[in-house]
Asks: 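I'd like to ask some things about the structure below.
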Amino acid sequence: MPAMYKVRPLHSAGVLAEHLPTCMYPVPNLHRAPGAAAPPQEEVDPSLQALESRQEEILKRLYELKSAVDGLSKMIQTPDADFDVTNIIQTDEFSPLTTNGADLDLMLGKDYGALKDVVINANPSLPPLSLLVIHSLLCERYKILSAVHTHSSVKSVPENLLKCFGEQTKKKPRHEYQLGFTLIWKDVPKPQMKFSIQTMCPIEGEGNIARFLFSLFGQKYNAVTSTLIDSWVDTALFQLKEGSSKERGAVLRSMNAALGKSSWLVGNELTVADVVAWCALQQTGAANTAPANVQKWMKSCENLAPFSSVMKLLK
């Protein structure tokens, strides 16, 4: 077959050199023959090396800081088993109830307005005397706006319960008070309290409400003392107040032994345990048959104005 056309060979070094484009940058030949020497490596810019070294040093320091923070967080969340808490358990920070008021904003928060409101529903057939005692104690510490109302579920309320907060004097403007305390006599199975009406689930039970209200005094207890106080509150309500005669006798003996060692049920300061236990004794009628140490302790309680004012409601 005859050839169609002829072309010049392009493998000639001279021809290849003539037709190479000059607009592109040259690159090293990567297709060198076997055994040929490798092209010399380009030197790294010293400024780039310094930047890389600085980056590595920063990353190393960040890693060390992260490890230190992780160690501290674990120490706070899960304390070391060898940490000595003896001093903490043996030391309490008591503050007498007659000192100046604690900061309610610090304890209750600042998101509820200038005046904090406590609303309690209680059945007049079994009035929560401990809450009335604590109310009187709070009145000695804070400026309290007190009010008593009757719910439609209750047909009649004794006159002394309607005036359980005493005669209301001329009221000042609402913003001049620190705490609102409203008691509503209502047909409920157990006392109920709400602090934040919109968002808070009700706190139920006389003991739980008493704990909350007593915490407004700002007293601080260690773990052991807090446990003893809670134990006495539950014992007073479930065994002394609602238990059998045998259970009451056992509780009175325990109280007599505890009061033989200290002036109050827990330590040398009045606590919510004393308030709840004293009220339980008054409501069960066991005060007259109490042992000697308990009788002495009851007189100490009655020498305080908040207790003596509640005694008038029992007559």
Side-chain angles (χ1 to χ4, degrees), residues 89-90 92-95 97 120-123 125-138 188-193 202-217 219-304 306-308 310-311 313-314:
I89 294 178
Q90 293 179 349
D92 270 334
E93 296 182 16
F94 289 103
S95 57
L97 301 183
I120 297 176
N121 297 325
N123 199 318
S125 62
L126 190 60
L129 298 182
S130 64
L131 307 186
L132 303 182
V133 173
I134 297 176
H135 168 267
S136 298
L137 290 170
L138 288 171
V188 290
K190 61 179 65 176
Q192 302 172 346
M193 187 205 78
I203 297 176
E204 293 190 344
E206 182 177 349
N208 294 327
I209 299 174
R211 292 183 180 98
F212 175 87
L213 295 178
F214 208 87
S215 68
L216 300 182
F217 292 111
Q219 291 181 302
K220 298 180 181 180
Y221 307 105
N222 61 45
V224 174
T225 304
S226 297
T227 302
L228 289 174
I229 292 174
D230 287 338
S231 176
W232 277 117
V233 170
D234 291 339
T235 299
L237 290 174
F238 300 119
Q239 295 181 348
L240 187 60
K241 187 176 180 179
E242 301 177 1
S244 62
S245 57
K246 185 177 181 179
E247 288 177 313
R248 292 173 187 167
V251 173
L252 288 174
R253 289 191 294 271
S254 298
M255 291 178 63
N256 192 62
L259 293 169
K261 301 175 182 178
S262 60
S263 303
W264 303 96
L265 285 176
V266 183
N268 297 317
E269 295 288 340
L270 176 73
T271 66
V272 65
D274 299 288
V275 176
V276 175
W278 181 87
C279 294
L281 280 175
Q282 296 295 335
Q283 289 182 310
T284 57
N288 297 328
T289 60
N293 293 333
V294 177
Q295 293 280 358
K296 181 180 178 181
W297 162 79
M298 292 183 65
K299 290 180 180 179
S300 299
C301 293
E302 294 161 12
N303 287 333
L304 301 176
F307 290 88
S308 58
V310 170
M311 289 188 65
L313 301 178
L314 302 172

Asks: When you measure from the side chain of Gln239 to the backbone N and O of Ala250, does any donor-acceptor pair fall under 3.5 Å?
Replies: no
Asks: Look at the side chain of Ser226 and the backbone N and O of Ala223, then say whether any donor-acceptor pair between them is shorter than 3.5 Å.
Replies: no
Asks: Treating Thr225 as the side-chain partner and Tyr221 as the backbone partner, does any N or O pair qualify as donor plus acceptor under 3.5 Å?
Replies: no
Asks: Residues two or more places apart in sequence or in another chain: which of them pass side chain to side chain contact (heavy atoms under 4.5 Å, CB included) with Ala122?
Replies: Pro128, Leu183, Trp185
Asks: Have Asn256 and Arg253 got a donor and an acceptor in their side chains that come within less than 3.5 Å?
Replies: no
Asks: In terms of side-chain heavy atoms, does Thr271 have a donor or acceptor partner in Asp274 at a distance below 3.5 Å?
Replies: yes
Asks: Between the side chain of Gln283 and the main-chain N/O of Ala280, is any donor-acceptor distance below 3.5 Å?
Replies: no
Asks: Within the side chain of Asn123, is there an N or O that forms a donor-acceptor pair under 3.5 Å with the backbone of Val188?
Replies: yes
Asks: Let me see the working for Leu281 and Trp297 under side-chain contact (heavy atoms from CB on, under 4.5 Å), right down to the final yes or no.
Replies: CA-CA 12 Å; Leu281 280 175; Trp297 162 79; 3.7 Å; yes
Asks: Restricting to salt bridge (charged side-chain N to carboxylate O under 4.0 Å, His left out), what partner residues turn up for Arg248, sequence neighbours left out?
Replies: none
Asks: With no hydrogens and no angle check, do the side chains of Ser308 and Glu302 hold a donor and an acceptor under 3.5 Å apart?
Replies: no
Asks: Is there a donor-acceptor pair under 3.5 Å between the side chain of Ser231 and the backbone N or O of Thr227?
Replies: no
Asks: Is there a side-chain contact between Lys296 and Leu259 (heavy atoms, below 4.5 Å)?
Replies: no
Asks: For Ser245, give me all partners under side chain to side chain donor-acceptor pair (under 3.5 Å), at least two apart in sequence or on another chain.
Replies: none
